[in-house]
Amino acid sequence: MPDLSTATDGRILFGGDYNPEQWPEETWHEDVRLMKDAGVNSVTLGVFSWAKLEPHPGAREFGWLDVLMDLMHDNGIGVVLATPTSSPPPWMGRLHPETLPRDDDGRIEWWGGRQHFSHSSATYRRYAAAITEDLAARYAGHPALTMWHINNEYCTFDYGDEAAAAFRRWLRAKYGTLEALNTAWGTAFWSQGYDSWDGILPPRQPHYMRNPTQVLDFRRFTSDMLLECYLAERDIVRRHTPHIPVTTNFMPLWFGQDAWRWAEEEDVVSVDIYPDPRDPLGGQHGALVQDLTRSQARGPWMLMEQAAGPVNRGGVNHPKPPGLNRLWSLQAVARGADAVCYFQWRQSRQGAEKFHSGMVSHAGEQGRTFQEVKRLGAELARLGPEVTGSRLEADVAILHEWHSWWAAAQDGRLSTVIDHSAVLHAWHRALWDAHLTTDFAHPERDLSAYRLVVVPQLYLLGDAAIENLLAYVRGGGTLVCGFLTGVADEDDRIRPGGMDPRLRDLFGIGTLHEWWPLDAGESVECDGPRGGFRGTLWSEELEAARPGAVAARYKGGELDGLPAVLRTGSAWYLSTLPDPEALRDLLAGIAADAGARPVLDDLPTGVEAVRRGDLLFVLNHRREPVQVTVPGTHYDLLTGGTVTDTLALGRHGVAVLRP
């Protein structure tokens with residue numbers, strides 16, 4: 001199968017979404033001049049071009065795209081050609097209103113924006129397949145084509161009638177009988193038992209709370225229906241071009257896709273990352289998304305979209321200060337990206353995202369944004385032969401799983417203060433602050449390669465995942481588990497005792513008496529041999545099953561003297577979320593005991609060090625210069641200079657060192 005290396009050919013792909021239909025043809029030639037000046041070697045065409053390609057049903061207007069494909073090839077720029085199916089033309093919704101999605105209250109989501117399609121609509125799928133077929137047939141042999149990009153940021157939920165019929169078919173395939181469905185959904189509660197498949201609907205707006213397992217299955221169904229749309233288009237382009245890799249772009253930690261399953265169907269795993277430039281943890285957020293994407297790809301991956309400057313959605317949209325775009329781009333390369341791209345090439349003058357930055361901003365080629373883009377392009381060109389295809393090795397894995405996230409987000413949960421994504425960020429931040437490189441892993445994946453595995457929170461765990469964790473610890477691995485893990489099975493049925501008995505035995509929990517959720521801003525004091533700390537979000541009334549299993553106790557309050565942290569052998573259980581510094585110190589100590597250590601010792605706070613292949617990336621996320629100890633003599637690929645023992649990094653500075 002083709003992969004990212006098929007498209008990169010020893011280079012880091014650099015460029016972004018190009019929307020030339022927004023501009024007169026004379027601008028296209030100016031764009032090419034600027035692209036060559038900036039070192040752009042890849043553009044994505046056609047993402048939002050359906051109305052241009054098919055202005056009325058069945059029409060095909062490919063002439064303008066022919067010109068652009070030839071123009072790119074003549075200037076040595078490869079094309080990631082997109083199917084335009086994320087944004088149907090207005091005529092489709094007007095002529096075929098059944099293609100429009102409906103929200104959970106039955107309201108139509110009209111054309112005039114994007115993503116306005118029902119994933120279950122046979123009409124939409126027929127039109128999508130037809131335009132994809134004709135694109136693939138026309139450009140299969142074009143020398144500019146380097147990759148296919150299917151749709152864009154799949155994210156549409158649909159509660160309409162066609163989706164309801166598809167949901168019923170999906171449920172019949174899963175359960176076989178109504179009896180099995182009623183058992184799985186626990187419909188004995190609130191008189192919800194179904195006597196006919198026709199009575200089952202998507203979880204539309206009810207008078208009161210929805211059935212949580214029905215909601216869970218609908219989220220599974222939605223991910224599967226969107227995946228069916230992707231696979232239908234992917235299979236068309238593969239039939240025409242089996243040698244060309246295929247991708248679609250994930251949004252970071254988006255709630256609606258089982259991205260582990262999706263990644264298995266992509267030749268290239270790609271993602272869009274948009275941290276807030278003012279967020280002091282923006283670099284850590286980027287690292288989390290990059291670690292997750294690399295783990296899904298199991299190798300090099302593609303940064304499909306980022307912003308060269310500000311975005312324009314919600315609140316105050318700040319620009320990136322000098323050096324930050326370069327820092328975050330090189331961070332992606334450090335963590336496994338072989339492609340660094342943007343939305344978009346030239347900033348739009350009209351439309352909903354005219355204030356979303358481009359590689360060429362409204363200030364033009366003399367503006368700071370484009371000048372920084374030029375510098376980055378030159379640096380990526382130097383790095384490409386040294387870094388592409390190389391991999392990272394991590395001793396630590398974080399477990400994450402979408403079905404657990406979906407189940408935990410139900411209406412009737414004990415605390416709406418707890419957000420799965422926020423808890424995941426807190427644990428990743430602790431490891432990032434401890435300068436430990438991490439992979440992500442599915443809880444059923446073989447974990448034996450890792451010295452330390454952490455489970456921030458997995459409310460829903462199937463039997464296979466639980467047995468996998470037990471086998472990992474029996475094999476000598478170190479496991480640290482957060483609260484609200486192993487509470488429910490695959491049907492969101494609470495495990496006996498409130499946590500699976502196998503996990504209670506693993507962690508030395510005698511009885512889980514009561515859950516004690518904490519209010520926003522509320523904390524509990526804890527004390528233990530590693531020092532005291534504050535716990536937030538959650539607490540639990542626990543008994544230790546074994547003498548000596550208590551690693552920390554609650555101090556004061558209703559839970560005074562009861563276990564807060566339990567340890568049995570190499571298995572740890574945290575019944576609260578320690579404050580950031582305490583969680584960092586706890587995980588760093590456990591990691592060191594397990595033999596997992598940072599790439600460099602004595603790194604200053606806010607400085608990141610990542611080893612990719614033979615290269616050491618050192619990145620300064622601080623706003624002031626720092627000195628970093630790097631024992632030995634190294635060659636800096638970015639400056640061409642030599643570094644011996646001490647590295648000086650300026651504000652947002654980066655060094656890429658080769659021994």
Side-chain angles (χ1 to χ4, degrees), residues 19 21 46-61 82-135 149-171 198 200-206 210 214-215 217-234 236 248-251 254-257 262 313-314 350-353:
N19 299 287
E21 60 267 41
V47 176
F48 299 116
S49 301
W50 200 343
K52 181 77 170 176
L53 294 167
E54 189 175 7
H56 53 269
R60 293 292 183 266
E61 298 289 346
T83 63
T85 52
S86 69
S87 191
W91 57 256
M92 188 181 297
R94 177 174 57 84
L95 297 176
H96 304 285
E98 73 276 12
T99 65
L100 297 170
R102 291 179 179 263
D103 68 13
D104 65 349
D105 209 16
R107 292 169 297 192
I108 295 173
E109 296 179 359
W110 298 95
W111 61 88
R114 65 181 217 191
Q115 261 80 28
H116 49 282
F117 64 89
S118 166
H119 49 61
S120 301
S121 166
T123 302
Y124 165 77
R125 291 190 180 198
R126 184 173 67 251
Y127 276 113
I131 191 67
T132 300
E133 182 74 41
D134 290 350
L135 272 172
H149 173 19
I150 304 298
N151 204 278
N152 182 74
E153 294 183 337
Y154 280 101
C155 62
T156 308
F157 283 81
D158 180 26
Y159 297 77
D161 290 342
E162 204 161 355
F167 186 40
R168 289 190 284 270
R169 291 192 297 270
W170 184 92
L171 292 169
D198 292 339
I200 300 172
L201 294 172
R204 293 170 177 168
Q205 185 63 48
R210 298 168 172 89
Q214 179 188 11
V215 175
D217 268 347
F218 186 72
R219 287 167 179 159
R220 290 166 169 158
F221 156 79
T222 298
S223 179
D224 285 355
M225 289 301 100
L226 291 171
L227 183 58
E228 281 188 7
C229 292
Y230 166 77
L231 292 175
E233 295 180 38
R234 183 207 65 182
I236 291 170
T248 189
N249 48 335
F250 292 139
M251 292 178 287
W254 187 62
F255 184 68
Q257 287 169 292
W262 277 65
R313 49 181 178 271
Q350 289 186 291
E353 292 187 310

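What's counted below: heavy atoms across the whole structure, side chains too, no hydrogens, waters or symmetry copies.
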Could you check Tyr124, Trp110, Phe157 and say which one makes a ring pair (Phe, Tyr, Trp, His ring centres under 6.0 Å) with Phe117? Tyr124

Return yes if a side-chain donor-acceptor contact under 3.5 Å exists between Thr248 and Asn151, otherwise no. no

Donor-acceptor under 3.5 Å (Asp158 side chain, Gly160 main chain): yes

Output all residues satisfying side-chain hydrogen bond (donor to acceptor under 3.5 Å, both in side chains) with Ser223, sequence neighbours left out; order by chain, then residue number. Trp262

Sequence neighbours excluded, the answer for ring pair (Phe, Tyr, Trp, His ring centres under 6.0 Å) partners of His119 is Phe221

Partner set under side chain to side chain contact (heavy atoms under 4.5 Å, CB included) for Asp161, not counting sequence neighbours: Arg204

Quick one: ring pair (Phe, Tyr, Trp, His ring centres under 6.0 Å) partners of His96, sequence neighbours excluded? Tyr127

Salt bridge (Lys or Arg N to Asp or Glu O under 4.0 Å) filter on Glu353, not counting sequence neighbours, yields none

Indicate whether the side chain of Glu21 and that of Ser49 have a donor and an acceptor atom separated by less than 3.5 Å. yes

Nearest 0.5 Å please: distance from the CG atom of Leu53 over to the CG atom of Leu135. 6.0 Å

As an exercise, state the distance from CG of Leu171 to CZ of Arg169, rounded to the nearest 0.5 Å. 11.0 Å

List the atom pairs, with distances to 0.1 Å, where a side-chain N or O of residues 54-61 and a protein N or O form a donor-acceptor pair under 3.5 Å, not counting sequence neighbours.
unit_1	atom_1	unit_2	atom_2	d
Glu54	OE1	Trp50	NE1	2.7
Glu54	OE2	Gly58	N	2.8
Glu54	OE2	Arg60	NH1	3.2
Arg60	NE	Asp134	OD2	2.7
Arg60	NH2	Asp134	OD2	3.2

